[in-house]
Amino acid sequence: MVKRRPSGFCATCQCGVVIGALDAKRTARRDMGQILGKWLFDGCTVRPYFDGTWSIEIRRCECDAAERQGDSHD
């Protein structure tokens, strides 16, 4: 079996929301490494995509909203 390279990646936050996507064919390797590293450091689950076409709905992280609400009560 020939290993395929991912055509892109998506990042899912710990709250379950997809917060980002990356097109591997249109992103410089260096930038891709920085973005993937940030997602992993932030605790996101990174999923590779191998098909030619895919689409993802990206939303704002719900963790950020919970932190902002918690800050307003201090």
Side-chain angles (χ1 to χ4, degrees):
M1 183 169 125
V2 176
K3 282 192 172 185
R4 299 179 294 161
R5 290 188 177 211
S7 61
F9 299 89
C10 78
T12 304
C13 181
Q14 296 173 25
C15 64
V17 174
V18 176
I19 61 159
L22 183 147
D23 183 340
K25 294 179 181 179
R26 296 181 183 163
T27 306
R29 278 188 93 117
R30 181 178 180 165
D31 295 338
M32 192 177 339
Q34 290 176 345
I35 294 167
L36 292 170
K38 180 183 180 330
W39 287 343
L40 292 171
F41 187 77
D42 287 345
C44 294
T45 301
V46 176
R47 178 178 175 191
Y49 285 87
F50 296 96
D51 297 330
T53 57
W54 45 276
S55 81
I56 305 267
E57 181 183 342
I58 298 172
R59 297 189 344 230
R60 180 176 287 214
C61 173
E62 294 175 3
C63 298
D64 290 341
E67 287 179 15
R68 283 193 302 269
Q69 289 177 355
D71 290 343
S72 65
H73 295 291
D74 291 338

Distance (rounded to the nearest 0.5 Å) between I56 CD1 and C10 SG:
4.0 Å

Atom pair NZ (K3) and CZ (F50), whose distance is rounded to the nearest 0.5 Å:
9.5 Å

Without swapping roles, check the side chain of D51 against the backbone of T53 for a donor-acceptor pair under 3.5 Å.
no

Shared hydrophobic cluster, Y49 / F9 (ILVMFWY, side-chain heavy atoms < 4.5 Å)
no

hydrophobic_cluster_shared for L22 and V46, side chain cutoff 4.5 Å:
yes

When every non-hydrogen atom of A24 is compared with those of P6, the smallest separation belongs to CB-O, 3.6 Å

Can you give me the closest heavy-atom contact between K38 and D42, atom names plus distance?
NZ-OD2, 2.7 Å

Heavy-atom pair of closest approach, residues V17 and R60:
CG1-O, 3.7 Å

Closest heavy-atom pair, D31 versus T27, reported as atoms and distance to 0.1 Å, is CB-CG2, 4.0 Å

Could you state the interatomic distance from CD1 (I19) to OG1 (T45), rounded to the nearest 0.5 Å?
10.0 Å

Gap separating the OG atom of S7 from the CH2 atom of W54, nearest 0.5 angstrom
6.0 Å

Among the clusters formed by ILVMFWY side chains lying less than 4.5 Å apart, do I58 and W39 turn up in the same one?
no

Residue pair C15 / E62: nearest heavy atoms and the distance that separates them:
SG-N, 3.5 Å

